[in-house]
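In the text below, chain A, chain B and the rest are named by the order of the sequence lines, each starting its count at 1.
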Amino acid sequence: MKAYPWRYSLALLGLVLLFNAIFTPGFLAIEIRDGRLFGSLIDIFNRATPAALLALGMALVIATAGVDLSVGAIMAISGAVAAGLVVQPPDFLLHGMGVQPVAVAMSLAVLAGAVCGLFNGVLIGFFRIQPVVATLLLMIAGRGVAQLLTNGQIITVPGDDFAALAIGTTLGLPNPIWILAAMALFFGALTRLTAFGLFVEASGDNPTAAHYVGINGKSLRLAVYTLSGLCAGVAGIIAASNIKAADANNAGLYLELDAILAVAVGGTAMTGGKFSLVGALIGAVLMQAVTTTILTRGIGTEVTLIIKALVVVAVCLLQSPSFHETLRRRRTA
Amino acid sequence: MKAYPWRYSLALLGLVLLFNAIFTPGFLAIEIRDGRLFGSLIDIFNRATPAALLALGMALVIATAGVDLSVGAIMAISGAVAAGLVVQPPDFLLHGMGVQPVAVAMSLAVLAGAVCGLFNGVLIGFFRIQPVVATLLLMIAGRGVAQLLTNGQIITVPGDDFAALAIGTTLGLPNPIWILAAMALFFGALTRLTAFGLFVEASGDNPTAAHYVGINGKSLRLAVYTLSGLCAGVAGIIAASNIKAADANNAGLYLELDAILAVAVGGTAMTGGKFSLVGALIGAVLMQAVTTTILTRGIGTEVTLIIKALVVVAVCLLQSPSFHETLRRRRTA
Amino acid sequence: MASLLRMSGIVKSFPGVKALQGVDFEVQAGQVHALMGENGAGKSTLLKVLTGVYAADAGEIEFEGAAIRPRSPQEATALGISAVYQELSLAPNLSIAENIVIGREPMGPLGIRWSAVRERARGALSRLGLELDVDRPVGSCSPAIQHLTAIARALDVDARLLVLDEPTASLDGDEVDALFEVVGRLKEQGLGIVYVTHFLDEVYRIADQVTVLRNGTLVATDTPVAMPRRALVANMIGREAPPEDAAVARSQGPQGAPLMEAQDLGKRQSVGDINFKLHSGEVLGLAGLLGSGRTETLRLLFGVDRPNSGSLHVHGGAPTLTPRRAMNLGVGMLAEERKTDGIFPNLSVRDNMMIVAQVKRGWLARLPRSAYAQADGKKEELRIATPDLDRPIAGLSGGNQQKALLARWLIAQPQVLLLDEPTRGIDVGAKFEIFGLVERLREQGMAFVLVSSELSEIVHSSTKVAILRDRRMVGDAPEITEEAIMSQIAEGGE
Amino acid sequence: NSGDTAKAPEGGGAAPAKPEAGKKLVVGFSQIGAESDWRTANTESIRSEAEKRGVDLKFADAQQKAENQIKAIKSFIAQGVDVIAFAPVVETGWEPVLREAKDAGIPVIVSDRRPDVPEDLYVTFIGADFVKEGEMAAEWLAKKMDGKAKIAELTGTTGSAPANDRAKGFRNVLANHPEMEIVFTQTGDFTRAKGKEVMEALLKSPQGKDIKAVYAHNDDMALGAIQAMEEAGIKPGKDIIIVSIDGVKAAFEAMVAGKLNCTVECNPLLGPYLFDAIEKVAKGEEVPKRVVIEDKWYDESTAAAELPNRKY
Ligand SMILES: Nc1ncnc2c1ncn2[C@@H]1O[C@H](COP(=O)(O)OP(=O)(O)OP(=O)(O)O)[C@@H](O)[C@H]1O
Ligand SMILES: Nc1ncnc2c1ncn2[C@@H]1O[C@H](COP(=O)(O)OP(=O)(O)OP(=O)(O)O)[C@@H](O)[C@H]1O
Ligand SMILES: [Mg+2]
Ligand SMILES: [Mg+2]
């Protein structure tokens, strides 16, 4: 393991921004409009928040040599709970709970996300179901649950209260960026100031050894998947707040893949045993920067996915020791 | 490792069929109409072929401690190549190759699938990019490639030649079942009559040790992912032939997940080192039997996915040693 | 006086094996208790029952006068039992410091004090006379260092009973001395120490009591004085101990062209100046201190690492080696760390034994069933204790795994076999047989390069000995005796 | 060799099933899924119409999977329903199962999307015309902008039939207006979130400054784009003219608020049309091969009056 596993993605992020700075006039400009900062850079960070939030949880999950495929579906559930509790549309499954204030509804939605994560954790930690399979289940069934909740309707939330979370700003910066920062600090403290991070790495690195030194793999996995679910819950309310609606079919769709890519691009090995939260964040921002670049440059639809894939290949190649070795051999030969 | 890791899925498959035999009149009946066998059982096997084909390749991939998320997208590419070469619609990317006979077009399509697999193999075997990431790329970009090939249009193939592969029958049984049988025999022979299976398991079980005994992990991975691509290529032409068209958006969508589930339900550990082709096939048939049952019984919409998920949980729980242990402790306590 | 630990009537079965059949075992405070027995006798299993890794099928455990039944190593640790297991159990990606303190991190008001973590790790290591870069990932260190890390961790615990399962299997003399010094001190402080080893010398150096297990039953327990060497061995193997072989005849000169020849072979930041010629019928012993680069030399010779200076000739040609090519040229290597570099845990013992022969034959041509019968022959020859060769190798005891790995290479019949600590964890009886086997094969024309932290083994089997110091080959030993080699190793060290 | 066995008349529309008088008409309907508000309204309309007319409706949801739909149709055949109706998930792959239905003598009615099969395999196709919708949107926009505008297009899911056809129809009309130009086109996957993100990026891109109009392939993307404009300090509906397709309730609300200019209604309430056709088929009457559900457009002037009527 080298230090700064994310150095290549940071470099590539720099390149992408440089490219934009040169070819897209006004890309780096940040203006103040109505007391809020405004510009493409801000957009990139703002848009990257859901994936970055998921990537925080995913980094821990992957460090335990697991994976959480259900986070996209959990986002849909969380969004449905939040919007549903605020609006209480006629067929809403939880209509027994009555209309709730926005803050309560959102807290309950995050809680719902954590509960989903806990469910994964029980399957994986206690029943030792393989992570891919266990979270695949919620990935598939979770959207069904979200649809059951909303009775298949898009729940639109009128008014601005609900939207404030994602659209409002604090000190000029969009709220999601602050939320992400707070969550990142929380995760950073949890993993550096306590032994939690160490335990996570140890149990992903060598579960037997972890067991021998007294780490309780079950509760650890429970905690990690619950945290991942919590992140998904938060990402879910941000996504719902952003479009002022809960869309069970599309909220968070494919976002689990983005999160996994962000973690991988950030230099964390899928085989577990090490993680880098900073890397995960950089990875998420890099992926979003590429997307935004493609969008602002108006590059055609089919090619978009291919370009994104190429960027990931580039980072992964740069991170791969065998690639460097091949290069070196070529050069000396 | 116990023998017959798929015994629980086989038992559950038996239960599902029994349930149907009792509650769905005529479920087990097989008639002969126009010289072809006709009945729900035949349907289940026939419909299960694409996922079962993918599961064959996936079982090997998973045995090397990898995973292939790109097979669904490869199916789309293969279908696009096959249909495109037969029809040569105006915007088809490969129009330089001219109109090809069905057999040639289909062979080239399967080849295209294998080449996609080879690409994964190079990334994973030679550049040591993590399997999840490497195949995620083609999963995302592959559909883009298929859309580029077809210019985003659905290519419809007129006439019956193209459809014969999927819709025709031989000796009364639908052709896809024969194709699956042939592929299963080929994989069985490859892994049992040669040392290929042993090497695959060894390199998934302990890659370092495999290197020390002279197993070439690179070429092995290359081979395994190419085989998986080949399976996806075959599944792709069957899917295209079945609908007489190439649909870049929908062909094989989510089928990689079905294949992974089939392998897992068949008792193969995602951590590599062991595989069971029989298990993978049983797993695929079980998943399809559940789907068919739900459909024929007209069970409501959102619940379908949840039922499927429950079946998978059931099998995985039965396979989990810690679950048995918990049960035992409960009983003695 | 009540015993510190009393285990009585311990029974433990695995599918197909009765590992322990009613074993009684007692340890007093302030006592070093050696637990001896052949490979597969049940030593590790007994200790794992004690530390809560396995639950016994029957039997009682009493610790400090109270009945205990630990269900996890965590519970055992909490009770005051600290252990070093036979198979390394460290997290390779974590640093040495993290591996030593994990589970008992020094906390400050602001959470973990990372500087104190390093401090504490350095302290734990210095007790063993070690000074290491504690930020290094443990997986990148040599097996010996890894083992020392595990020991340092166990010694750092505040415990009343210390369990050491073959702690010295990969250590050199100096490290063993340092360990014994610490063990002596702990004993004076009143700790009970259970010590498993296959080195008889160690028993007579530190043990106050010896218990011998055979086939899962207790056969004898007494003081070392009352159980001299031959009696101990006889107890272990259940018959009279065979006489020790005389050292090999070293008279033969080199025969024909060298099978393998290294000239100034080296790899940057690893080892250098490797020079030797290896002929058919020779055993080249590599002697050196811990970390002197013996393993890395073998890695170069087998193509695991690529040299970037000098040349290596095999059969006269100078190929770029990979393990695969080396094997095709008739070179084989038994790796030092069996768990990470050797076994395929989920594959059967038989497959593990046959895999090299199969790789040599190529993937297309599956070995016939008859070839697989060779495995049964080797099982008898090396006395591998298992009821069924078709069960996963993970269920074998450490020493039996090692035997199976050795069998793997013997079945493949290379012309040159590189052996890195081949007797690690192997019981005394089997050791003689293995060196007898090496001797016979050598006479038939095979050549060996032998690395062993046991100088006596090197002296016993080598026809010539090369000395490694500070990762350089500094020349041949003039005379193959322990004293000569020792002084050659030490020379210039000052 | 007597080859003159009497042949039964060919099945399908020519040989309608004749339910015995007094017995309830049994209809099997296979729906695509519940992927949007529009679809839910569509389902609701079919269900309530069936209830109203006392038809025994067997409803199956395919969850966007053609395979599920094929199975559902097969099970309808096995159950011997009187009429089968379905909205195909994809355009292709229906021939075998429809031939089975025909062999079983059960007439088939298609709604929504036309399957790619010979015309004799179904009785009638009821549904909107996506190309026409695109054309209507373009015509409205051309009139509104006096034939002169730089347009941004938010397309639906790449490769899907509505996306392809709505793009095509729009361009058909634009061909007559040389000064109307699409300067930006990007997929918003038919979702609000994507529509918003794409618009947000567009507004900051160099082309963004000149955009005078937005054409969105569905309302959801338009609603997302509106949010992006508001956050960028641009007045949607004033600074940039927006036209979209579908006519969901939220779109009407946006029009009433002056943020959306026009929506071309793709009417999901096809229950009445469907059951008219079903009853005719069941009685053996002729039905036209194509029943086009007339699409209407609504703009700011008519939205307020229509809003109270919107159920979905
Ligand atoms: N996890 C397991 N599964 C199945 N069998 C096992 C397992 N662990 C140990 N055994 C069996 O129990 C017996 C005793 O093994 P144990 O490891 O205790 O031997 P040991 O005395 O420590 O030998 P060594 O000197 O080789 O380390 C052996 O026959 C072994 O095959
Ligand atoms: N994979 C590796 N990566 C980095 N350093 C290594 C690696 N393996 C060994 N080293 C270091 O190289 C040095 C030489 O190790 P080597 O294993 O060759 O010594 P050795 O003489 O075989 O001694 P030992 O008895 O420890 O096996 C040691 O300091 C060791 O820590
Ligand atoms: Mg042991
Ligand atoms: Mg060594």
A.B. asks: With a 4.5 angstrom heavy-atom cut-off, is it the side chain or the backbone of L317(B) that approaches chain A, or both, or neither?
C.D. replies: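 For L317(B), backbone and side chain are both near chain A.
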A.B. asks: Against chain B, label L257(A) side chain, backbone, both or neither, depending on which of its atoms sit under 4.5 Å from a heavy atom there.
C.D. replies: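 Backbone plus side chain of L257(A), per the 4.5 Å heavy-atom cut-off to chain B.
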A.B. asks: Which atoms of F126(B) come close to chain A, meaning under 4.5 Å heavy atom to heavy atom: side chain ones, backbone ones, both, or neither?
C.D. replies: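 The backbone, not the side chain.
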A.B. asks: So which part of I140(A) gets closer than 4.5 Å to some heavy atom of chain B, the side chain, the backbone, both or neither?
C.D. replies: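 The answer is both parts of I140(A).
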A.B. asks: Quick one: what part of V67(A) sits under 4.5 Å from any heavy atom of chain B, side chain, backbone, both or neither?
C.D. replies: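 Contact with chain B is absent: no heavy atom of V67(A) under 4.5 Å.
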A.B. asks: Dump the intermediate steps for side chain to side chain contact (heavy atoms under 4.5 Å, CB included) on I124(B) and T64(B), then the final yes or no.
C.D. replies: CA-CA 11 Å; I124(B) 295 163; T64(B) 65; over 6 Å; no
A.B. asks: Among V133(A), L136(A), T271(A), which has the most heavy-atom pairs under 4.5 Å with chain B?
C.D. replies: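 Ranked by contacts with chain B, first place is L136(A).
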A.B. asks: If you apply the rule side chain to side chain contact (heavy atoms under 4.5 Å, CB included), what do you find for E201(A) with D205(A), and how did you get there?
C.D. replies: CA-CA 6 Å; E201(A) 292 188 332; D205(A) 209 12; 5.7 Å; no
A.B. asks: Determine whether V71(A) and L255(A) satisfy the following criterion, side chain to side chain contact (heavy atoms under 4.5 Å, CB included), listing intermediate values before the conclusion.
C.D. replies: CA-CA 8 Å; V71(A) 286; L255(A) 224 54; over 6 Å; no
A.B. asks: Would a 4.5 Å heavy-atom cut-off, applied to side chains only, mark V290(A) and L286(A) as touching?
C.D. replies: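 Heavy-atom side-chain distance check passes, below 4.5 Å.
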A.B. asks: Taking the side chain as every heavy atom from C-beta outward, state whether L54(A) and E256(A) have any pair of such atoms under 4.5 Å apart.
C.D. replies: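 Counting from C-beta outward, L54(A) and E256(A) never come under 4.5 Å.
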A.B. asks: Report which part of I260(A) has an atom under 4.5 Å of a heavy atom belonging to chain B: side chain, backbone, both, or neither.
C.D. replies: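 Side chain of I260(A) only, per the 4.5 Å heavy-atom cut-off to chain B.
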A.B. asks: Do any N or O atoms from the side chain of R143(A) and from the backbone of A251(A) form a donor-acceptor pair under 3.5 angstrom?
C.D. replies: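 Side chain of R143(A) to backbone of A251(A), a donor-acceptor pair under 3.5 Å: yes, one is there.
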